[in-house]
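Before any comments, here is the structure.
All ligand and atom numbering here is 1-based and tracks the order in the structure.
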Amino acid sequence: MTAKSLVVASLVLCAAAFAQAPAQTGKIEVQWLGQSATKITTVSGKVIVIDPYLTQNPKTPAQYKDLDALGKVDLILVTHAHGDHLGDGPELAKKNKAQLWGPAGLDQSLVTLGVLPPELAPRMNKGGTITPLGPDIKITMVRAEHSSELVWKNPATGKDETHVGGEPGGFIIEFENGFKLYHMGDTALFADMKFIGEYYKPDLIMIPIGGHFVMNPKDAAYATNQYLKPKFAIPIHYATNPWLKGTPQEYIQALGKTSTKVFPINPGDKLTF
Ligand SMILES: [Zn+2]
């Protein structure tokens, strides 16, 4: 083999490897899919889906109501048991053979009821940090001020039953490049957000603003300016049903002069950080 043919061969090999490798942009991509549903592609191309309420979500763009449209999913995180968060989680877990991590009591009930096998529903709890995608991606569950009943239709009776769903949480994900996302789940305003801001120092928050079940825009602005002080914020959990009346415009207005850049994006939009 001549030197020239060696170069050509190695170029072809490189091209083949590149085609098979996941997109590696040096950045993370965050795609909001309505309500709390979020698809994240990490620096090394791992796909994490948080609160996959998709097929029944009136705000999810039509093309993402097909679970195959998400592509390969590596990990599912669920903040609490309510239907607008657990959503399509069990189906997505089985389809991708991907673990669904949520509050310990929720995953325990999913296993006990036979919704998921134990290997797809591992248990964790608030304050714990897990690394199921390798040591470079750290996922910590933190407190949320909310509730977490699991409503499950018993196939034997056809009736709804209410089961233990653990305690609700939020997730702080530290990515390969050190960037930290705090997905807050559903929560009221609570003063320990000050501790979360000081201790974990999130760069980006995904913050509920709809009111009624969660913070309204005024509460969310207080949490952002006084407690969390992130570089970036994406308002979520609004306009999905008639109770969630808060708007991104009200949130931005309530923030006033702030060091946080707000992205009032639409479901389906993607941002890179
Ligand atoms: Zn909710």
N/O/S from His237 sitting under 2.8 Å away from the Zn ion (ligand 1): yes
To the Zn ion (ligand 1), the closest N, O or S atom belonging to Asp84 is OD2
May I ask you to check whether His80 brings an N, O or S atom to under 2.8 Å from the Zn ion (ligand 1)? no
Locate the shortest heavy-atom distance separating Pro217 from Ile209; write the atom from each residue and the value. CD-O, 3.2 Å
Ring centers of His85, His237 separated by less than 6.0 Å: yes
Checking distances from the Zn ion (ligand 1), one finds that the N, O or S atom of Asp186 closest to it is OD2
Look at the rings of Phe175 and Phe179 and say which category their plane angle falls in: under 30° parallel, 30 to 60° tilted, over 60° perpendicular. tilted
Centroid-to-centroid, Tyr238 to Trp32, below 6.0 Å? yes
